[in-house]
J.: 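One structure is given below, represented as structure tokens, and several questions about it will come after.
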Amino acid sequence: MRLNPNLRRLLVAAVMLVTLGIAGCGVDPGAAGCAIREINQAFQIEYEKVLAELGVRRFKVRRADAFVALHATLARFGMRIVDQDPDLGTMVVDAPAPRPLDADEWRKVGESDLPLLRELAARCVGPLRTQMIRFEPEGLEVVIHVTVVEVAGESEVALTARMSEIAPPASGMPRREYLPPSATRMALVKIWAQMEAELRAARRIP
């Protein structure tokens with residue numbers, strides 16, 4: 001999918017955070033920092049691939065209808081409306097992490113992406129210390145930014161996201177930039193599927 005330059009900058013800049021939990025491992029701060037950099041670099045590449053593929057969707061409906069459907073979709077996932085401007089087609093929502101994923105979906109993310117995370121971290125801290133590493137959604141809020149614009153008679157919907165810390169992690173490790181690849185993909189697929197269901201229920205699409 002070809003992204004316009006402004007959207008590209010938003011997608012790169014507005015990213016959900018990932019945290020390493022290395023609790024009680026006695027890892028040297030330099031080694032921990034090295035592990036975080038390794039993971040960030042790898043996850044950034046995967047994140048950008050997923051966003052280029054799934055971060056923007058077009059629907060053959062009016063912008064107002066797309067806006068209403070997405071509003072309902074995010075509300076169903078427990079997201080709170082922080083700000084919205086239907087005339088401009090912009091919306092900001094938030095919720096405690098890992099929403100819009102539920103606990104079972106987050107568990108599947110861990111099963112899918114923790115092996116890669118630990119493999120990357122092992123380059124810096126050694127394989128024996130990586131078993132305590134996990135993703136920490138606790139103390140974070142997911143903030144999703146929505147833009148809906150009219151393009152060639154259709155509505156183009158773009159989603160970007162970031163994480164905002166509301167409490168420090170139990171591990172004491174710094175929050176990182178990029179969400180696990182499986183979480184990014186799973187959340188986008190979930191949002192688009194529900195949005196289509198909302199549009200069908202409103203008889204806006206067949």
Side-chain angles (χ1 to χ4, degrees), residues 11-23 25 27 32 35-57 70 73-80 93-125 127 129-146 158-197:
L11 296 180
V12 172
V15 170
M16 294 181 180
L17 308 178
V18 122
T19 301
L20 283 176
I22 311 180
C25 293
V27 176
I36 291 168
R37 287 192 297 273
E38 286 284 338
I39 292 165
N40 255 348
Q41 290 171 4
F43 279 17
Q44 177 183 3
I45 292 170
E46 296 306 313
Y47 170 83
E48 291 181 359
K49 288 179 182 178
V50 175
L51 264 289
E53 177 188 353
L54 296 172
V56 181
R57 284 283 306 273
L70 191 55
T73 292
L74 295 170
R76 283 185 185 276
F77 297 148
M79 309 297 292
R80 181 177 67 93
V93 301
D94 67 14
R99 294 180 185 175
L101 302 183
D102 59 29
D104 185 59
E105 290 165 336
W106 187 251
R107 178 184 56 78
K108 292 176 181 177
V109 167
E111 292 174 353
S112 176
D113 290 347
L114 266 178
L116 172 59
L117 182 146
R118 289 171 175 164
E119 177 185 342
L120 293 165
R123 300 173 186 176
C124 300
V125 303
R129 296 183 183 274
T130 62
Q131 295 308 305
M132 293 298 292
I133 296 176
R134 67 183 184 91
F135 299 119
E136 292 182 284
E138 300 85 3
L140 293 171
E141 281 189 337
V142 178
V143 182
I144 297 178
H145 292 255
V146 175
L159 302 179
T160 64
R162 64 178 176 82
M163 296 288 273
S164 176
E165 185 176 76
I166 57 176
S171 69
M173 294 298 293
R175 302 294 190 180
R176 305 318 303 159
E177 295 179 80
Y178 294 95
L179 189 77
S182 294
T184 305
R185 179 175 295 277
M186 192 180 296
L188 289 169
V189 168
K190 183 176 183 177
I191 288 171
W192 297 136
Q194 184 60 42
M195 184 173 174
E196 289 181 355

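Values reported hereafter were calculated over all heavy atoms of this structure, with side chains retained and with hydrogens, waters and symmetry mates removed. Remember, predicted model here, so these are calculated numbers, not experimental data.
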J.: Using every non-hydrogen atom in the two residues, find where Val109 and Ser182 come nearest and quote the distance to one decimal.
T.: CG2-C, 4.1 Å

J.: To check you understand the geometry: which heavy-atom pair defines the closest contact between Pro180 and Asp113, and what is its length?
T.: CB-OD2, 3.2 Å

J.: For residues Leu159 and Trp192, determine if any side-chain heavy atom of one lies less than 4.5 Å from a side-chain heavy atom of the other.
T.: yes

J.: Do the charged groups of Glu141 and Arg80 touch, with an N to O distance under 4.0 Å?
T.: no

J.: How close do Ile191 and Pro100 get, heavy atom to heavy atom, and via which atoms?
T.: CD1-CG, 4.1 Å

J.: How far apart are the closest heavy atoms of Pro181 and Val50, and which atoms are they?
T.: O-CG2, 4.3 Å

J.: Provide the closest heavy-atom pair for Pro115 versus Ser112 in the form atom of the first, atom of the second, distance.
T.: CD-O, 3.8 Å

J.: Where do Arg99 and Gly78 come nearest, in terms of heavy atoms and distance?
T.: NH1-O, 3.2 Å

J.: Given the rule in the side chain to side chain contact (heavy atoms under 4.5 Å, CB included) test, do Phe77 and Val93 qualify, once you have shown the distances and angles that lead to the verdict?
T.: CA-CA 11 Å; Phe77 297 148; Val93 301; over 6 Å; no

J.: Of Leu74, Val143, Val142, which is the lone residue that meets side chain to side chain contact (heavy atoms under 4.5 Å, CB included) with Asp94?
T.: Val143

J.: Any chance you could measure Glu196, atom CD, to Thr73, atom OG1, to the nearest 0.5 Å?
T.: 9.5 Å

J.: Hey, is Glu53 close enough to Lys49 for a salt bridge, meaning N to O under 4.0 Å?
T.: no

J.: Looking at Glu48, Gln41, Glu46, which one forms a side chain to side chain contact (heavy atoms under 4.5 Å, CB included) with Gln44?
T.: Glu48

J.: For the backbone of Asp102 and the side chain of Glu105, can you confirm whether one donor and one acceptor N or O come within less than 3.5 Å of each other?
T.: yes

J.: Return the CD1 to CZ distance between Ile39 and Arg123, rounded to the nearest 0.5 Å.
T.: 10.0 Å

J.: Kindly check if the number of other-residue, nucleotide or ligand heavy atoms within 6.0 Å of CZ (Arg76) is above 12?
T.: no

